[in-house]
Amino acid sequence: MRLSRYFLPTLKETPREAEIVSHRLMLRAGMIRQEAAGIYSWLPLGKRVLDKICNIVREEQNRSGAIEVLMPTLQPAELWKESGRYDAYGQEMLRITDRHDRPMLYGPTNEEMITAIFKSGVRSYKDLPLNLYHIQWKVRDEVRPRFGTMRSREFLMKDAYSFDLDADAARRAYYRMFVAYLRTFARMGLTSVPMKADTGPIGGDLSHEFIILADTGESEVFCDKAMLDLPIPSEDTDFTGDLSDLVAPFTKPYAATDEMHDQAAFEAAVPEERRVSARGIEVGHIFYFGTKYSAPMGAVVTGPDGKDVPVEMGSYGIGPSRLVPAIIEASHDDDGIIWPASVAPFNVGIINMRAGDDACDAACTELEWQLQAQGIDVLYDDTDARGGAKFAQMDLIGLPKQIIVGPKGLKNGEVEVKDRKTGERTLMSPQAAINALTAS
RNA sequence: CGGGGCAUAGCGCAGCCUGGUAGCGCACCUGUUUUGGGAACAGGGGGUCGCAGGUUCAAAUCCUGCUGCCCCGACCA
């Protein structure tokens, strides 16, 4: 992509409304634009990151055996009256009326609809286990949206729903998602900590929030330092097997958000030097809720004994539109964003120090072409801005690697490869640069 | 939903107290000189001062009402 043909409205100054660093950087890097309180447009750079995140989420969901569907954002109120949540949900549910005066709503979540879908397609226990998920915009008319896309009124969520014959099978389904979540966040360069969460009226221990530690997090969290260094299950994990041994190391150590925190238990369980008390961002939430929706909505399967039983369900959420700022909170410096390679909007930035100079133009074009031929996403700054401005902008938008091409280097047949994170710069031939950047 | 604040060019702001018809920096356009960490000079374009009323010869400025947005708290992917 040529910068001269792209739409990248970056800002030197921070818009006044932005308080936290991720919101500021997303606005300055031209990733989003606010349309109303808690409602944002995603501009090209932001859209690329969001798509990369969704693809990682999708790959890990698929790997775990979940199947993708797509449900609408608009739902009939009727469905929610069946479950009893139409009245229970309150002001956060954005309700509208269609031209026939039928009450509708913008979906804040999809338990009801997925249960209806399940009901219409499944009769037998032989069709279980089943896990259906989608990635769709959700609407919650938040009392106080804030922090950019971290807490917005319209947000993208991956929500998966598992269906099983009994509680044991439901637990196995829960563990599959647990492992998928560990892998998903790790692939984005994040250290996530699963923390016991409130299970509400269902009880049990099958609810976890996945928390990223960050100073600007909304909740206070406590955990054993050992949790931060646990190895992540590999991509060869057999999701058809029993995953309890993989999950156990993550559920045994102490880890709790403030609402579940018990200081005495914390001190008893964790030696002082390993006690971490920090702030965190919730990027995922999984829970098992049994027959809470299947029973009132009549979602049953016929068991091996010929009797109908309501299915055991769980639901599993990840917020991609929240992960974007979460990753920035976890990975930035004074100059801007530092994208982990897996979610970077472009892998490599090329800076032409002397646009219009034949040798520089030719070298840049060749690099751009060669890298793109290898499947590398390249943003080539071919504008005639001064070098300093180009460096600053490239650092702001956080591309992991940069190639600096200028007359000084080219005199010796060299270009400079810069690592955004370390700031390290290395002179090498263009071919060596291509080799280095396509190696992994 | 309670408490506080803000609204003037795309962005950041000054002007308001003490009324006289709008200004600065960045960005943008033209030209020249430049070019290795947010260039310099010269010229230029862009604003129903959030909206609606009112006071006044005259309102960005004073008064009233409304709307939008931000922050702090209680609630949440």
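What you see is a predicted model, and the numbers here were worked out from it, not measured in a lab. Order of the sequence lines sets the chain letters (A, B, ...), proteins ahead of strands, with each chain counted from 1. Note: hydrogens, waters and symmetry copies are ignored here, and every other heavy atom, side chains too, is used.
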Checklist entry - Separation of Arg386(A) atom CZ from C26(B) atom C1', in whole Å? => result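 In whole Å, C26(B) C1' and Arg386(A) CZ are 17 Å from each other.
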Going by heavy atoms closer than 4.0 Å, what residues in [range] are next to RNA chain B?
range: residues 38-62 of chain A; value: none
range: residues 413-433 of chain A; value: Glu416(A), Lys418(A), Arg425(A)
range: residues 322-349 of chain A; value: Arg322(A)

Expressed as a whole number of Å, how far does the [atom1] atom of [N] sit from that of [M]?
N: G19(B); M: U8(B); atom1: P; answer: 23 Å
N: A39(B); M: A27(B); atom1: C1'; answer: 15 Å
N: G65(B); M: A22(B); atom1: P; answer: 29 Å
N: C71(B); M: C62(B); atom1: P; answer: 27 Å
N: U61(B); M: C70(B); atom1: C1'; answer: 24 Å
N: G54(B); M: G23(B); atom1: C1'; answer: 28 Å

Checklist entry - Reckon Lys390(A) has a side-chain N or O less than 4.0 Å from the OP1 or OP2 of G37(B)? => result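 No, because none of the side-chain N or O atoms of Lys390(A) sits under 4.0 Å from OP1 or OP2 of G37(B).
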Next on the checklist: Would you say Gln34(A) places a side-chain N or O within less than 4.0 Å of OP1 or OP2 belonging to C70(B)?
Outcome noted: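 Indeed, a polar side-chain atom of Gln34(A) lies that close.
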Next on the checklist: Need one value for Thr14(A): base, sugar-phosphate or nothing, where a base atom within 4.0 Å counts as base even if backbone is also close, heavy atoms only.
Outcome noted: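 Sugar-phosphate: the residue Thr14(A), judged by heavy atoms under 4.0 Å, touches backbone atoms but no base.
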Next on the checklist: Under 3.5 Å, is there a donor on one side chain and an acceptor on the other for Ser207(A) and His285(A)?
Outcome noted: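 Indeed, the side chains of Ser207(A) and His285(A) share at least one donor-acceptor pair under 3.5 Å.
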Checklist entry - Taking the six-membered ring for Trp, does Phe155(A) stack with A77(B) (centroid gap under 5.5 Å, planes within less than 30°)? => result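 Whether judged by distance or by angle, Phe155(A) passes, so it stacks on the base of A77(B).
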